[in-house]
Amino acid sequence: MKWSQTLIPTLKESPSEAEIDSHKLMIRAGLIRRITAGAYAYLPLGILVLNKVINIVREEMNRAGAVEVFLPALQPLGLLEESGRLSIFGDDLITFEDRHGKVTALGPTHEEIITDIVRNEISSYRQLPITLYQIQTKFRDETRPRFGVLRSKEFIMKDAYSFDIDYEGLSKSYKSMYDAYCRIFDRCGLDYIVVEADSGAMGGDVSHEFMVPSHVGEDVLIRCLKCGYSANRERAEAAPIPPENHMTPQPLKEIPTPDKRTIQEVSDFLQVKPNRMVKTMIYISNGQPIAILLRGDHEVNETKLTKVLGQETLALADHNTIEHVTGASVGFAGPVGLPVKIIADQAVSVLCNFVTGANKPDMHLLNVNLERDFVIDQIADVRYVAKGDRCPKCYHEIDISQGIEIGHVFKLGTKYSDALKAKFLDATGKEKSMIMGCYGIGVNRIIAGLIEISHDENGIIWPLSLAPYKVIIIPVNVNDTPSMQMANQIYDDLTSNTGIEVLLDDRDQRPGVKFKDADLIGIPIKIVIGKKFTETKELEIKLRKSGETFLTPPEEVRSRLKSLFEMLSKP
RNA sequence: CGGGGCGUAGCGCAGUUUGGCUAGCGCGCCUGCCUUGGGAGCAGGAGGUCGGAGGUUCAAAUCCUCUCGCCCCGACCA
């Protein structure tokens with residue numbers, strides 16, 4: 001491609017709408033333009049990269065034995081109702097009413113559609129297992145789109161669904177997808193880590209997330225840098241905190257704390273550290289109020305709590321309920337004398353002489369102790385891992401960082417096949433639910449994630465595998481006939497004889513402009529035709545990443561490129 | 001949805017507090033000259049419903065009301 005014949009609108013200045021590096025660079029390098037909040041147009045350079053990613057994904061899916069389909073963006077609400085996810089997606093679902101008054105959704109994901117197809121078309125174990133996938137735009141009315149294509153209202157996702165006759169088969173399908181994901185992200189040049197995840201709204205049990213560590217990531221990574229334990233925030237566990245056996249219980253004491261409601265306020269007022277305090281949170285579970293005890297510096301993990309309670313519905317109690325249950329306004333709840341079921345987090349169960357609310361207005365209790373002052377119904381792990389916690393496997397201090405979620409695999413089991421009645425007859429003629437797995441990749445996020453970890457002050461640094469063009473030819477002076485002839489000759493040769501994607505910067509711009517633009521758009525290899533060519537007929541081949549330069553006579557360009565490609569392809 | 005901010009040329013911004021000539025600046029764009037190894041220089045030029053609607057006023061980018069859009073923090077989120 002010749003620069004003058006395509007559209008690569010680079011910007012010298014950073015657009016004000018962008019906050020993070022990948023977003024800024026995608027706009028400055030002319031990959032994308034925002035059309036409205038959470039929706040982006042991909043310009044010529046952007047779609048070239050997008051297609052590179054898609055091709056890699058498609059190749060690896062096919063290699064893993066998955067079969068491609070293409071599903072509609074339009075979805076009837078009925079299927080979502082049938083699976084019970086209409087209310088779960090709620091306002092995230094983008095819907096509209098058609099001319100007949102029928103309400104239709106823009107698909108946020110496709111479990112229901114694919115399951116509907118499979119239940120209609122597959123009825124025998126002889127047709128299983130099968131894994132179907134598609135690469136398609138998904139729509140979600142995110143409450144707050146941000147960071148460019150990292151969180152947008154429409155985004156491209158590769159989603160795959162496996163159907164097996166038993167759990168052993170599911171494990172094989174899962175493993176096969178998991179391995180394919182590793183190959184995909186490796187080929188894209190991403191540094192990623194795999195974490196244990198909770199399956200959340202998807203249902204099912206086993207789940208892994210593929211994350212690119214990055215300070216702009218919206219997901220939390222809990223890792224042990226010693227033994228390799230890794231999990232996401234919902235899933236991560238900490239080693240139990242050992243009991244404080246050296247402390248002797250002190251007499252219980254009531255103390256006035258006028259208008260001190262939050263842990264921080266009480267902590268400052270009483271000069272007691274938050275980790276010596278216990279907060280009492282009133283939840284409504286199955287219509288009944290229950291109390292959750294947490295250390296003052298810890299946060300409740302509702303995912304874990306839901307599992308402990310075995311309840312589908314769980315919500316914080318409203319202020320009226322709290323006052324009714326505790327006898328005091330919000331901020332003064334405590335376990336002593338509380339007439340409801342009490343679940344204590346493990347970290348609370350090892351404390352002595354702690355501070356709690358007194359269940360009286362403007363009063364707290366000092367030197368509260370378990371057993372002596374109140375009894376609990378259950379000890380459980382219901383909190384998020386916090387700084388200072390230790391690894392549950394090896395007791396090394398745990399590391400908390402952030403990451404961008406680029407892929408997620410789930411073992412779903414029969415959640416959807418039961419709900420949607422996707423059944424088959426096994427070899428003995430018995431009807432069974434299909435065993436499902438689902439596997440997603442955020443295609444746009446791969447691009448943004450890659451840029452986050454691969455750029456410098458001059459712009460993007462593409463790996464060979466994703467680069468929109470592998471080589472850019474820069475004739476320093478387009479008005480110098482010999483240089484231009486040389487540039488065209490190499491361009492024609494590479495384009496027609498090697499299949500290497502080449503961009504020829506034929507613009508009549510000063511060299512500085514062209515070098516800066518080449519760096520900004522991140523082309524891995526530059527071929528510069530300039531002073532050296534005029535003097536000695538040599539071309540300069542320069543690498544974007546390292547800045548290394550090789551002087552090469554024109555007839556050796558192809559062989560030089562070949563060896564450089566080999567070098568750059570190595571991880 | 002709560003809090004904060006912004007909307008003036010393709011991009012980045014000043015001007016708005018305290019209303020007042022033809023609405024400015026940098027980058028980009030067009031023409032010419034000159035220049036050609038890291039975002040050159042000179043000269044000339046094009047480009048604006050000041051987000052939109054209504055109002056106050058002799059006069060509105062500026063004040064008032066309504067409205068639309070965008071960004072940030074939080075809540076939310078496979």
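Here is the naming used below: chain letters follow the sequence lines, and residue numbers restart at 1 for every chain. Please read these numbers as outputs of a predicted model, since none were measured by experiment.
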Any N/O donor-acceptor pair, N458(A) side-chain to G38(B) base, under 3.5 Å: no

Heavy-atom nearest nucleotide on RNA chain B for R151(A) versus V478(A): which residue maps closer to 5'? V478(A)

If I pick the P atom on C42(B) and the same atom on G28(B), what distance separates them, to the nearest angstrom? 12 Å

Have a look at K514(A) and say if it touches a base, only the backbone sugar-phosphate, or nothing, with a 4.0 Å heavy-atom cut-off. nothing

I want to verify a distance call: between A75(B), A78(B), G39(B), whose nearest atom is closest to the V513(A) side chain? G39(B)

So what does G440(A) touch, heavy atoms closer than 4.0 Å: a base, only the sugar-phosphate, or nothing? nothing

Taking U18(B) as the reference, what is the distance to C13(B) when you measure between their P atoms (whole Å, please)? 25 Å

Which part of the nucleic acid does E19(A) contact within heavy-atom distance under 4.0 Å: base, sugar-phosphate only, or nothing? sugar-phosphate

Taking the C1' atom of each, how far is C64(B) from U57(B), in whole Å? 12 Å

Proximal nucleotide (of G39(B), C73(B), G37(B)) relative to the K531(A) side chain: G37(B)

Using the C1' atom as the point on both nucleotides, what is the distance between G4(B) and G45(B), in whole Å? 42 Å

Who pairs with G7(B) - Watson-Crick or G-U, where each distance is under 3.5 Å: C68(B)

Less than 3.5 Å between a donor and an acceptor, one on the side chain of R507(A) and one on the base of G39(B), is that the case here? no

When the ring planes of Y178(A) and Y174(A) are compared, do they come out parallel, tilted or perpendicular, using 30° and 60° as the limits? tilted

Taking any heavy-atom pair under 4.0 Å as a contact, classify K153(A): base, sugar-phosphate, or nothing. nothing

Taking C66(B) as the reference, what is the distance to C76(B) when you measure between their P atoms (whole Å, please)? 31 Å

Looking only at atom P, what distance separates U17(B) and C77(B), rounded to whole Å? 44 Å

C1' atom, C58(B) versus C63(B): distance in rounded Å? 16 Å

For Y416(A) and D418(A), does a side-chain donor sit closer than 3.5 Å to a side-chain acceptor? no

Using Watson-Crick or G-U wobble geometry with both distances under 3.5 Å, which nucleotide pairs with C76(B)? none

Please name the nucleotide paired to G32(B) by Watson-Crick or G-U wobble geometry with both distances under 3.5 Å, or report none. C42(B)

In whole angstrom, give the distance that lies between atom CG of D92(A) and atom C1' of A75(B). 13 Å

With a 4.0 Å cut-off, would you call E209(A) and R235(A) a salt bridge? no

Which whole number of Å gives the distance between the C1' atom of G39(B) and that of G47(B)? 23 Å

Going 5' to 3' along nucleotides 25-35 of chain B, which nucleotides have protein heavy atoms under 4.0 Å from the base (write B), which only from the sugar-phosphate (write S), and which from neither (write -)? -BSSS-----B

Report yes if a donor N or O on one partner sits less than 3.5 Å from an acceptor N or O on the other, where the partners are the side chain of S207(A) and the base of A78(B); otherwise report no. no

Indicate, yes or no, whether a donor-acceptor pair under 3.5 Å links the base of A78(B) to the side chain of E111(A). yes

Please state whether the phosphate of C70(B), meaning OP1 or OP2, lies under 4.0 angstrom from any side-chain nitrogen or oxygen of T36(A). yes

Looking only at C73(B), U36(B), G38(B), the nucleotide nearest the F515(A) side chain is G38(B)

May I have the distance from E540(A) (atom CD) to G38(B) (atom C1'), rounded to whole angstrom? 12 Å

Over how many whole Å does the gap from F147(A) atom CZ to C70(B) atom C1' extend? 16 Å

Counting just side-chain N and O atoms, does R146(A) come under 4.0 Å of either OP1 or OP2 of C73(B)? yes

Is the side chain of E196(A) donor-acceptor paired with the backbone N or O of A231(A) at a distance under 3.5 Å, no angle test? no

Between the main-chain N or O of S176(A) and the side-chain N or O of Y181(A), is there a donor-acceptor pair closer than 3.5 Å? no

Rounded interatomic separation in angstrom, taking CD1 from I8(A) and C1' from C11(B): 18 Å

Between W3(A) and K514(A) (side chain of the first, backbone of the second, donor and acceptor by atom type, cut-off under 3.5 Å), is there such a pair? no

Considering every strand and a 4.0 Å limit on heavy-atom distances, what is the contact class for E405(A): base, sugar-phosphate, or nothing? sugar-phosphate

Tell me what S16(A) touches on the nucleic acid: a base, only sugar-phosphate, or nothing, going by heavy atoms under 4.0 Å. sugar-phosphate

Salt bridge or not between K532(A) and E540(A)? Use side-chain N to carboxylate O under 4.0 Å. no

Pairing of D159(A) and K138(A) as salt bridge, 4.0 angstrom limit: yes

Expressed as a whole number of angstroms, how long is the span from I27(A):CD1 to C70(B):C1'? 12 Å

Before accepting this row, confirm whether a basic side-chain N of the pair E111(A)/R85(A) lies closer than 4.0 Å to the acidic partner's carboxylate O. yes

Side chains of R146(A) and S152(A): is there a donor and an acceptor less than 3.5 Å apart? no

Atom CZ of R85(A) and atom C1' of A78(B): how far apart are they, to the nearest Å? 9 Å

Report yes or no: is there a donor-acceptor pair, N or O only, under 3.5 Å between the side chain of N477(A) and the base of G37(B)? no

Scan nucleotides 41-52 of chain B nucleotide by nucleotide, 5' to 3', and note B when protein non-hydrogen atoms come under 4.0 Å of the base, S if they reach only the sugar-phosphate, - if neither. ------------

Does K542(A) come within less than 4.0 Å of E548(A), counting only side-chain N to carboxylate O? no

Pairing partner of U22(B) (Watson-Crick or G-U wobble, both distances under 3.5 Å): none

CZ of R28(A) versus C1' of G10(B): gap in Å, rounded? 16 Å

Salt bridge check: are D179(A) and K175(A) linked by an N-O gap of less than 4.0 Å? yes

Set of salt bridge (charged side-chain N to carboxylate O under 4.0 Å, His left out) partners for E142(A), sequence neighbours left out: R151(A)

For P108(A) and for H23(A), locate the closest nucleotide of RNA chain B by heavy-atom distance; then report the residue assigned to the nucleotide nearer the 5' terminus. H23(A)

Just call it for R144(A): base, sugar-phosphate, or nothing, with non-hydrogen atoms closer than 4.0 Å on any strand. base

What does D480(A) touch in the nucleic acid at a heavy-atom separation under 4.0 angstrom: a base, only the sugar-phosphate, or nothing? nothing

Suppose we define a pair by two distances each less than 3.5 Å, Watson-Crick or G-U wobble; what does C63(B) pair with here? G55(B)

Nearest-Å distance, CG (L7(A)) to C1' (G10(B))? 12 Å

Whether K545(A) and D456(A) form a salt bridge (side-chain N of Lys/Arg under 4.0 Å from carboxylate O of Asp/Glu) is what I want to check. no

